[in-house]
Protein chains: 2
Amino acid sequence: MAAPARRPTIKDVARAAQVSYQTVSRAINDKPEIDPDTKRRVLDVAEQLGYRPSRHARALVKPRPSTLGLTVPDLTNPFFPEVVAGVIDSAAASGWQVNVVSGAGGPAAEAELLRSFAAEVDALVGYFNHLDRSPEGLDIPVVLLDAEVPMPRCAAVAVNVDAGVRAGVQHLLDRGHRRLGMIDCSTSCDRHQRRKSFQQALADHGIALPADAVVDSEQSIPGAERATHQLLDRHPEVTAVFAFNDLTAVGVVRAAHARGLRVPQDCAVLGFDGLMLGELITPPLTTLHIDKRRLGALAVGEVERLLAGEREPAEVELTPELVVRESA
Amino acid sequence: MAAPARRPTIKDVARAAQVSYQTVSRAINDKPEIDPDTKRRVLDVAEQLGYRPSRHARALVKPRPSTLGLTVPDLTNPFFPEVVAGVIDSAAASGWQVNVVSGAGGPAAEAELLRSFAAEVDALVGYFNHLDRSPEGLDIPVVLLDAEVPMPRCAAVAVNVDAGVRAGVQHLLDRGHRRLGMIDCSTSCDRHQRRKSFQQALADHGIALPADAVVDSEQSIPGAERATHQLLDRHPEVTAVFAFNDLTAVGVVRAAHARGLRVPQDCAVLGFDGLMLGELITPPLTTLHIDKRRLGALAVGEVERLLAGEREPAEVELTPELVVRESA
DNA sequence: ATGAAAGCGCTAACAC
DNA sequence: GTGTTAGCGCTTTCAT
């Protein structure tokens, strides 16, 4: 009496509709070679039984990649949701589904998560901070969102950090700043790209930069506040701070305000990323804007290139754009 | 000569390892009844061939739900990423994968998206704004994140908007405000709950509220700015504005500032949601904080309850908590 | 237009 | 310990 609770299969439908089960298949797949009446009847029965085709059985018979894995470090960081949105939208347009995973803890956890995750998807896109560049074994297409050196079967969509940093530094110099500082985030996935570019850019302009004028911070607002205090304690002469990203820039602004400094008059602050957040604080953040949705879309494009058989690694680049608002 | 490019199957491994393909199955499934040497050899061959088991074939044989569908209206709205994070984390802990889709356009688009999406997942969680409460046909467990009246095979995790609104109104009254206004967002999925609760709460306190002191807004900052100007043009006597959520509250604050009003002295502003955003603007937003991660986690809990066979609908509730900062 | 049979990649039952 | 046989739910020949 208690219903078996089993999901009805194509055969259940066939039995109930008094036809062979291939006929059912024809009906639900909208094939031409079937009597319209039969078709309608079958469809009705199917509906009534609550029949839904098994995606697994289907995928077995007609194998085509359909699921994209997406890894992001932290959805709480407003940068990433937009990338995710870009991937999802773009993937949806191509008929992909997107499996999202977020915030793998340490290197070991990340490696493990990746192993199991990779088994469930047909391609992988994302940030792999801790992974030491060798997604061995998992031979599905992989598109790195944070790395520079792709490997076979592995593409990358990169942000041209160097160009961005240089544009930012140029802007600061144009405004007359000569004593600069920087808040870096070594725990991020940028592998000191921003820091190096910053140092190099200043060197190229012949501007001195004390080694301890680059201070490392957690990737959070309070962390950046602390780091900024450190920086300004050491170097009160600094008139402009290059922040690792908008989130840390918010921390820099808060710390500056806390010290009674006016932004940008006493201390200019430059962000990176171009988050909506930056427009809303006081003063609105001058920043290097990254088109995060596009980043995601480009990644999906790379997945498809890889899947289409292009074997050689490629790196697509996105250049940040300086958006001048009020903080610098 | 050109490799078939076909993914190696268990049989390919068997052939290469000179064993039957079930032995391969034993090896990769870590079954006890197999000679350690054989196992190692098989595993080596598998590795070398780049073999990966087919999740579809596996799922066919051992059917267990594994994929959760999650729909959110808009990842750009900072409210949702946190809910997503809550769902993902909680789902991951139970071995689920999460398929995320975002921003279905109109009602028709949403219905269509849902149909196809539902075919790909084993359970569905999310916001279904446009859907007229009848996920007919898709008989998988559904957990509504925005609705009140669940249906069979359908649970809901709701925010107790009424309690939140009342706490907020009480706070405003405690601060001496008697002329209140509200910015509502009728396009959202709250179905005028906030508006109704607001009106009712004021009525219960015997406070008059002109009908046009509740003005409808798009769910965006500029939209809220426009709406606020409308409100204050009509009712300059208003001393406190109840905003639909933190995002619109930001717009209210901006509009107030634009009119030369001090917040909260001349015009108090109360938000809803408790976004990080609200802490960062000037002045920091007083708001009704919702634990968004927990919302997501609860939804996953409901999915599991449903899957475990609990048929009767249930509604889990989450009550917003008043966080007093500076805007009200 | 419909039915029968094969087979997708895999695990589980049962031999040996 | 290993191989043989079924069968998961479905689509595709191939007959009829």
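These figures come from a predicted structure and were not determined experimentally.
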Chemist: Taking the side chain of B:A57 as its heavy atoms from C-beta onward, which of D:dC10, C:dT2, C:dG9 lies nearest to it?
Modeler: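 That would be C:dG9.
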Chemist: Assign each of A:P8 and B:E33 to its nearest nucleotide of DNA chain D by heavy atoms, then name whichever residue's nucleotide is nearer the 5' end.
Modeler: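 In this pair, the answer is B:E33.
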Chemist: If you only use heavy atoms from C-beta on, which nucleotide in C:dC14, C:dC10, C:dC8 is closest to the side chain of B:R26?
Modeler: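 That would be C:dC14.
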Chemist: If you assign each of A:T38 and A:L60 to its closest nucleotide in DNA chain C, which residue comes earlier from the 5' end?
Modeler: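 Its nearest nucleotide lies further toward 5', so the answer is A:T38.
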Chemist: Looking for any heavy atom pair under 4.0 Å, which part of the strands does B:K39 touch: base, sugar-phosphate only, or nothing?
Modeler: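 B:K39: no heavy atom of the nucleic acid under 4.0 Å.
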Chemist: From the options D:dT11, D:dT2, C:dA12, select the nucleotide whose nearest atom is closest to the side chain of B:K31.
Modeler: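 It is C:dA12.
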Chemist: Which nucleotide sits closest to the side chain of A:I10: C:dA1, D:dC10, D:dG3?
Modeler: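 Looking only at heavy atoms from C-beta outward on A:I10, the closest nucleotide is D:dC10.
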Chemist: So does B:R294 have more than 12 non-hydrogen atoms from other groups sitting under 6.0 Å from CZ?
Modeler: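 Count not over threshold, so no.
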Chemist: Where the side chain of B:R58 is defined as all heavy atoms beyond and including C-beta, which of D:dT12, C:dG3, C:dC10 is the nearest nucleotide?
Modeler: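 Minimum distance to the B:R58 side chain belongs to C:dC10.
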Chemist: Would you mind writing out the side-chain donor-acceptor pairs for residues 83-96 of chain A within the sub-3.5 Å range, not counting sequence neighbours?
Modeler:
unit_1: A:D89; atom_1: OD2; unit_2: A:R293; atom_2: NH2; d: 2.5
unit_1: A:S94; atom_1: OG; unit_2: A:S90; atom_2: O; d: 3.4
unit_1: A:S94; atom_1: OG; unit_2: A:E304; atom_2: OE2; d: 3.1
unit_1: A:W96; atom_1: NE1; unit_2: A:E304; atom_2: OE2; d: 3.3

Chemist: What is the distance from CZ of B:R40 to C1' of D:dG1, rounded to the nearest Å?
Modeler: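 From B:R40 CZ to D:dG1 C1': 18 Å.
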Chemist: Quick check for you: among D:dT11, C:dT11, C:dC10, whose closest atom lies nearest to any side-chain atom of B:S25?
Modeler: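 Nearest listed nucleotide: C:dT11.
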Chemist: Salt bridge between A:D122 and B:R52, side-chain N to carboxylate O under 4.0 Å?
Modeler: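 Answer for the salt bridge query: no.
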Chemist: Give the nucleotide from the list C:dG3, C:dA1, C:dC10 with an atom nearest to the side chain of A:D35.
Modeler: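 It is C:dA1.
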Chemist: Taking atom C1' of D:dC10 as reference, at what distance in whole Å does atom CZ of A:R64 sit?
Modeler: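 Going from A:R64 (CZ) to D:dC10 (C1'), I get 12 Å.
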Chemist: Sequence neighbours left out, what passes ring pair (Phe, Tyr, Trp, His ring centres under 6.0 Å) with A:Y21? Give chain and number order.
Modeler: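 With neighbours one apart ignored, the set is empty.
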Chemist: Given the structure, check if the side chain of B:Q22 and the base of D:dT5 hold any donor-acceptor pair shorter than 3.5 Å.
Modeler: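 Result: at least one qualifying N/O pair found.
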Chemist: What's the CG-C1' distance between A:L49 and D:dG9, to the nearest Å?
Modeler: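 Rounded to whole Å, this separation is 15 Å.
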Chemist: Heavy atoms under 4.0 Å, any strand shown: does A:P63 hit a base, just sugar-phosphate, or nothing?
Modeler: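 Nothing, no nucleic acid heavy atom in range.
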Chemist: Using whole Å, report how far CG of A:D12 lies from P of D:dC8.
Modeler: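 Distance check: A:D12 CG to D:dC8 P gives 11 Å.
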